[in-house]
Student: 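Have a look at the structure that comes next, please.
None of these values were measured; they are calculated from a predicted model. Labels below follow one simple rule: chain letters A, B, ... track the order of the sequence lines, proteins then strands, and each chain is numbered from 1.
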Protein chains: 2
Amino acid sequence: MNVDFFQSIYNHPLISKIDLKDIISEHQKIRFSKGTVFLENGKMANEYYLIESGLLRAFVHDLNGNEITTDFHGENEISIEVSSLFQRIPTNENIVALTNGVAWKIEFQSFQELFHKIEGLREWGRAWMSKQLFSSKQRSIDIHTKSATERYLNLIKDKPKIIQQSPIKHVASYLGITDTSLSRIRKEIRSD
Amino acid sequence: MNVDFFQSIYNHPLISKIDLKDIISEHQKIRFSKGTVFLENGKMANEYYLIESGLLRAFVHDLNGNEITTDFHGENEISIEVSSLFQRIPTNENIVALTNGVAWKIEFQSFQELFHKIEGLREWGRAWMSKQLFSSKQRSIDIHTKSATERYLNLIKDKPKIIQQSPIKHVASYLGITDTSLSRIRKEIRSD
DNA sequence: GATTTTTCCTGTCATATGACAGGAAATTAA
DNA sequence: TTAATTTCCTGTCATATGACAGGAAAAATC
């Protein structure tokens with residue numbers, strides 16, 4: 001059991017070694033292959049995953065039925081649909097694997113018990129959500145503050161694996177532009 | 001003490017009447033006037049507010065020093081900067097009153113004790129954060145899915161008070177457009 | 001109530017991005 | 001390996017929005 005992996009994710013001063021052991025033991029290792037569906041529009045999330053290797057993509061459908069990529073979940077990150085999982089309602093998102101990989105799954109019920117039992121986990125969870133909210137807001141701001149080119153360059157810098165592992169069209173919708181436009185941007189950058 | 005007001009905000013099946021009383025008693029009524037600063041870039045949030053009446057505006061500065069309105073906090077809503085309050089770090093946001101009004105303040109420390117004591121409050125808090133995260137994501141999607149006109153019309157429909165109580169230029173930056181552009185949109189709509 | 005400041009509107013011009021379509025390249029399936 | 005599918009690039013044309021500037025209107029201040 002790779003403790004460091006869990007440590008790096010459940011990383012909070014109030015989570016003791018014993019707490020961590022408790023938490024780890026509720027996770028179950030799974031292997032997944034490209035195309036595996038983790039969550040589907042209309043269903044309710046009943047678990048979340050720590051990604052050890054591989055890349056997942058979250059997306060929604062807009063009014064015209066087009067897929068819009070809302071997020072990528074990569075190595076050492078959590079793949080979770082918070083709204084559905086914590087409000088116990090159907091999701092509007094889809095989560096699908098873009099690559100093969102390994103993840104650790106924890107059921108809602110298990111998390112729930114740990115959450116109310118371990119103060120450190122509550123603090124960790126709240127801080128984690130705060131960070132998510134912060135990034136989400138930042139994304140909104142970036143979309144109308146930075147050019148598409150800047151956003152793309154930032155993504156390359158911050159999460160280079162995504163560009164390597166995901167079809168470019170998904171990156172485009174994640175950046176809020178068409179694949180046409182991203183294609184032009186990439187051409188532009190090449191010539192620099 | 002207006003219990004219904006608190007009830008409508010701290011609304012969760014696991015929060016009992018007694019819990020609610022406990023929670024309410026940690027809030028302190030304040031009156032504020034237009035221009036009152038609730039939070040400032042670089043400082044740390046140490047409390048949050050339930051707005052009984054009036055309208056607050058949250059904004060950040062972009063790289064060129066322009067103000068970008070990130071949110072409005074109106075009646076029966078919570079004015080909070082989650083990142084700073086729960087991660088105990090300095091904020092990058094500013095929150096300022098656009099009107100006079102009345103709010104109920106609760107200190108971080110008080111909330112903290114209630115949070116770890118009352119299971120229902122934890123569930124409520126987590127659900128509340130989930131909803132925030134959902135709206136935030138939705139905003140990102142709307143920005144590149146809907147036209148500026150649609151976003152403006154939706155805002156009028158969903159939060160009409162904002163248009164009445166806020167200078168239009170703040171609405172513009174909230175919508176991710178310039179005031180020039182919003183002005184044109186308003187003209188367009190008038191003639192329909 | 002006069003002056004200053006802020007807010008809002010409008011004109012012109014520039015430009016980033018979208019829509020659509022066709023073909024090349026790469027990946028997947030048979 | 002060949003065929004089918006998906007992905008990616010590129011061209012043309014249209015358009016929503018931005019940048020900038022000036023003036024009218026409204027609000028705040030004295």
Student: Expressed in angstrom and rounded to an integer, what is the separation of B/Ile189 atom CD1 from D/dA16 atom C1'?
Tutor: 15 Å
Student: OP1, OP2 of D/dT17 versus side-chain N and O of B/Thr178: anything below 4.0 Å?
Tutor: no
Student: Does the side chain of A/Lys187 get closer than 4.0 angstrom to OP1 or OP2 of D/dC8 through an N or O atom?
Tutor: no
Student: B/Leu182 CG to D/dA16 C1': how many Å, rounded?
Tutor: 14 Å
Student: Under 4.0 Å, heavy atoms only, any strand: does A/Thr180 hit a base, just the sugar-phosphate, or nothing?
Tutor: base
Student: Return the value, rounded to whole Å, for the distance between atom CD of B/Gln165 and atom P of D/dA26.
Tutor: 20 Å
Student: Give a yes/no answer on whether the side chain of A/Arg184 brings an N or O atom under 4.0 Å of OP1 or OP2 in D/dG11.
Tutor: no
Student: Report yes if at least one side-chain N or O of A/Lys169 is closer than 4.0 Å to OP1 or OP2 of D/dC9; otherwise report no.
Tutor: no
Student: Whole Å only: how far is the CD atom of B/Glu188 from the P atom of C/dT10?
Tutor: 12 Å
Student: Below 4.5 Å, heavy atoms only, C-beta onward: do A/Glu77 and A/Lys159 meet side chain to side chain?
Tutor: yes
Student: Please report the distance, rounded to the nearest Å, between NE2 in A/His170 and C1' in D/dT6.
Tutor: 10 Å
Student: Can you measure A/Arg186 atom CZ to C/dA25 atom C1' for me and round it to whole angstrom units?
Tutor: 13 Å
Student: Scan B/Gly35 against the nucleic acid and name what it touches under 4.0 Å (heavy atoms): base, sugar-phosphate only, or nothing.
Tutor: nothing
Student: Output the rounded distance in Å from CD1 (B/Ile177) to P (D/dA16).
Tutor: 13 Å
Student: Considering heavy-atom distances to DNA chain C, does A/Asp179 or B/Ile168 have its closest nucleotide positioned more toward the 5' end?
Tutor: B/Ile168
Student: Going by an N to O cut-off under 4.0 Å, is there a salt bridge joining B/Glu188 and B/Arg186?
Tutor: no
Student: Whole angstrom is fine here: how far is it from CG in A/Leu98 over to P in D/dT7?
Tutor: 10 Å
Student: Here's a test of your reading of the structure: between A/Lys146 and B/Pro167, which maps to the more 5' nucleotide of DNA chain C?
Tutor: B/Pro167
Student: Inspect the contact between A/Lys117 and A/Asp22 and indicate whether a charged nitrogen and a carboxylate oxygen are less than 4.0 angstrom apart.
Tutor: yes
Student: From the list C/dC9, D/dC9, C/dT17, which nucleotide is the closest neighbour of the side chain of B/Arg190?
Tutor: C/dC9
Student: Just checking B/Ser183: base, sugar-phosphate only, or nothing, at a heavy-atom cut-off of under 4.0 Å?
Tutor: base
Student: So does B/Lys169 pair up with B/Glu67, basic N to acidic O under 4.0 Å?
Tutor: no
Student: Parallel, tilted or perpendicular: which fits the ring planes of B/Trp104 and B/Phe6, with parallel below 30° and perpendicular above 60°?
Tutor: perpendicular
Student: Please confirm whether the shortest side-chain N or O distance from B/Ser181 to OP1 or OP2 of D/dG18 is below 4.0 Å.
Tutor: yes
